[in-house]
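Inspection log for the structure reproduced underneath, given as structure tokens.
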Amino acid sequence: MTHTPIADKNTPYWWEAAPVKPVPRQPLVRDVDVAIIGAGYAGLAAGLVLARAGRSVVAFDAMNPGEGASTRNGGITSGSIRPDYATLTRRFGEDTAIAVETEGKIARQFLYDFIKTEGLDCDFKLVGLFKGVIGHDEYEKTARSAETLAKRLGIEAYAVPYAEQQQYIGTDSYRGGMVRTDIGGLHPAKFHAELLRVALASGVTVHAGTRVISVTKDGSGFEVVTEAGTVRARQVLACTNGYTDKALPYLRRRLVPVRSRIIVTQELPPDLMAKLMPKQMMMGEGKQLGFYYRPTPDGKRILLGGRDSSRTGDPDAPKLLLRRGLVDLFPDLKDVRLSHSWFGNVAMNRDMLPRIFEKDGVVYATGFCGSGVVWAPWVGMQAAYKLLGKKVERRSAFDFQPPASVPFYNGNPWFMPAIIQGYRLQDRLALYRAKR
């Protein structure tokens, strides 16, 4: 019996237009001002700032540059923070809570300005985001959140009642929602390719397929041992995230990689796309493990992503889970084939906030918690300013103590399937209560 694949390809849809590939090999310079570990969004953005400030910069990536989350993500410029305002206030104080929310607005606008001023061709469109909710109580909470965003930060956000929902999304799965106009979408692999282009043009040297083995403090600098040889660096910046390995043991105990999976449909008829996504917005859900979804930049397909609890076992099970979610949202797609399915790692920490910190002289820019499209370039650049000793108008709200280590964890996230299943149970209970 022939097995029919669930998706035509198991590689990222984004790689069709912007395939990841090695950069031309360069000789290994033995002495540099700054060595950067990781050549994703954060590492390249930091390298760009440092090189333009006159520093000699080399970035090492264990894979091809961008082969991790930078070219596998959904391309939504949300810059979301998982803890809500009340939780942030309780944990860190009201000043920090306000600073975190304010920085989100600044970082998003910076990204949009950066794309424009650098001339980055990455299909960016500021189309807004619709977030669906599952019950009346959740709708009331979301409506208050929209008012708070508008009053506190001047962000255009408004509630959408159920009676008007079809103007934004062609589904009956929600009981209304909220729109934010400050969020858009881009092509993540094109964005990375363009960021790599300007970083290389500015003098950053990038070594692909060159794993860093160890970093050791040595007098006034560091000895960075790589698969290609040893480099002496005056400063070191670590910009790994969901792919952090044993070269950075301190960080590895504090970041938990979480598998995220995305599916993409085959091309859909224009009238069907107009029915399902009439405003071509980015989409999300108010759940613990909600889906995120969007039209592809050409407006011809639907992309849907979510957390993947699998580690071993049936490789088709997580694809089927997302496909069922897609059809639950849009029953019209029950017979539509998937063109692509893939996964990649995001990274979470215990307080779910991005972070800039220093430990034993090494500066870290990391912990993007599933929202790296906005946070990775921003945090990378703020870390670069920290290395330069440059005064900035506003110190980043994420520049404080390292995240706490995770008990009984040293790189193997054995506990994540149970945690994700727990979140799914919470979502089922919330849905049950909403329908009562």
Side-chain angles (χ1 to χ4, degrees), residues 28-62 199 203-207 210-255 347 349-351 353-368 375-392 395-406 409-411:
L28 190 67
V29 177
R30 299 297 175 175
D31 289 278
V32 296
D33 291 326
V34 186
I36 297 175
I37 307 173
Y41 295 158
L44 293 179
L48 180 65
V49 169
L50 293 163
R52 287 179 175 175
R55 302 296 193 269
S56 57
V57 182
V58 59
F60 298 101
D61 201 294
V204 179
T205 299
V206 177
H207 292 279
T210 307
R211 186 179 301 278
V212 171
I213 298 170
S214 65
V215 178
T216 306
K217 182 74 173 171
D218 182 12
S220 61
F222 296 87
E223 182 180 81
V224 182
V225 179
T226 79
E227 292 175 327
T230 300
V231 171
R232 279 199 52 80
R234 191 163 56 83
Q235 296 173 304
V236 172
L237 175 59
C239 292
T240 61
N241 193 52
Y243 295 83
T244 299
D245 60 23
K246 59 185 179 182
L248 298 168
Y250 183 82
L251 182 60
R252 200 180 192 200
R253 293 192 296 271
R254 287 157 172 78
L255 286 186
N349 57 59
R350 290 181 66 184
D351 59 34
L353 292 178
R355 199 68 109 253
I356 303 166
F357 65 92
E358 185 175 342
K359 173 65 176 176
D360 297 331
V362 176
V363 174
Y364 295 81
T366 187
F368 309 123
W375 290 125
W378 173 259
V379 168
M381 287 188 173
Q382 300 310 304
Y385 295 138
K386 185 181 182 78
L387 286 175
L388 291 170
K390 182 177 179 180
K391 288 188 176 181
V392 292
R395 179 179 174 178
S396 173
F398 304 116
D399 186 353
F400 64 110
Q401 81 269 10
S405 61
V406 179
Y409 170 69
N410 196 26

**Asked** Just by modelled atom types, is the Ala365 backbone N or O under 3.5 Å from a matching donor or acceptor in the Arg355 side chain?
**Response** no
**Prompt:** Below 4.5 Å, heavy atoms only, C-beta onward: do Val29 and Val58 meet side chain to side chain?
**Reply:** no
**Request:** Hey, could you give me the CH2/OG distance between Trp378 and Ser396, rounded to the nearest 0.5 Å?
**Result:** 7.0 Å
**Asked** Quick check: does any side chain N or O of Tyr409 sit under 3.5 Å from a backbone N or O of Leu255, one acting as donor and the other as acceptor?
**Response** yes
**Asked** What closest approach, in Å, do Ala51 and Val57 show between heavy atoms, and which atom pair accounts for it?
**Response** N-CG2, 3.9 Å
**Prompt:** Are side-chain heavy atoms of Pro403 and Phe357 found at a separation under 4.5 Å?
**Reply:** yes
**Request:** Decide yes or no for Leu251 and Thr366: does some side-chain heavy atom of the first lie under 4.5 Å from some side-chain heavy atom of the second?
**Result:** yes
**Request:** Please assess Asp61 against His207 for the test side-chain contact (heavy atoms from CB on, under 4.5 Å), listing each intermediate value before the final yes or no.
**Result:** CA-CA 6 Å; Asp61 201 294; His207 292 279; over 6 Å; no
**Request:** Output all residues satisfying salt bridge (Lys or Arg N to Asp or Glu O under 4.0 Å) with Arg254, sequence neighbours left out; order by chain, then residue number.
**Result:** none
**Request:** Report the residues that fulfil side-chain contact (heavy atoms from CB on, under 4.5 Å) with Ala62, sequence neighbours left out, ordered by chain and then residue number.
**Result:** Arg211
**Message:** Looking at Arg252 and Asp245, is any side-chain nitrogen of the basic one under 4.0 Å from a carboxylate oxygen of the acidic one?
**Reply:** no
**Tyr243: side-chain contact (heavy atoms from CB on, under 4.5 Å) partners, not counting sequence neighbours** = Met63, Arg72, Asn345
**Residues forming a ring pair (Phe, Tyr, Trp, His ring centres under 6.0 Å) with Phe400, sequence neighbours excluded** = Phe92
**Prompt:** Which heavy atom in Asn241 sits nearest to a heavy atom in Thr244, and how many Å separate them?
**Reply:** O-OG1, 2.9 Å
Only distances under 3.5 Å count here; give the side-chain donor-acceptor pairs of residues 213-221 to other protein atoms, sequence neighbours excluded, each with its distance to 0.1 Å.
unit_1: Asp218; atom_1: OD2; unit_2: Arg232; atom_2: NH1; d: 2.8

**Fill in**
CG (Leu28) and OG1 (Thr226) are apart, to the nearest 0.5 Å, by 5.5 Å
Solution key, residues 31-46 side-chain donor-acceptor pairs under 3.5 Å, sequence neighbours excluded:
unit_1: Asp33; atom_1: OD2; unit_2: Ser56; atom_2: N; d: 2.9
unit_1: Asp33; atom_1: OD2; unit_2: Ser56; atom_2: OG; d: 3.2
unit_1: Tyr41; atom_1: OH; unit_2: Ser70; atom_2: O; d: 2.6
unit_1: Tyr41; atom_1: OH; unit_2: Asn73; atom_2: ND2; d: 3.4
unit_1: Tyr41; atom_1: OH; unit_2: Pro188; atom_2: O; d: 3.1

**Request:** Evaluate the side-chain proximity of Phe60 to Val206: yes if any heavy-atom separation is below 4.5 Å, no if none is.
**Result:** no
**Request:** Check whether any side-chain N or O of Gln235 sits under 3.5 Å from a backbone N or O of Val362 as a donor-acceptor pair, and report yes or no.
**Result:** no
**Asked** Which heavy atom in Asn349 sits nearest to a heavy atom in Asp351, and how many Å separate them?
**Response** OD1-OD1, 2.8 Å
**Asked** Would you say Asp399 and Lys386 make side-chain contact, with heavy atoms under 4.5 Å?
**Response** yes
**Request:** Find out whether Val236 and Val363 are in side-chain contact, i.e. whether some heavy atom of one side chain is under 4.5 Å from a heavy atom of the other.
**Result:** no
**Request:** Fit a plane to each ring of Phe398 and Trp375, take the angle between them on a 0 to 90° scale, and name the class: parallel (under 30°), tilted (30 to 60°) or perpendicular (over 60°).
**Result:** perpendicular
**Request:** Would you mind reporting whether Arg234 and Arg55 have side-chain heavy atoms less than 4.5 Å apart?
**Result:** yes
**Message:** As an exercise, state the distance from CG of Leu387 to CD of Glu358, rounded to the nearest 0.5 Å.
**Reply:** 8.0 Å
**Message:** If I compare all heavy atoms of Phe222 with all of Asp360, which pair ends up nearest, and what's the gap?
**Reply:** CE2-O, 3.7 Å
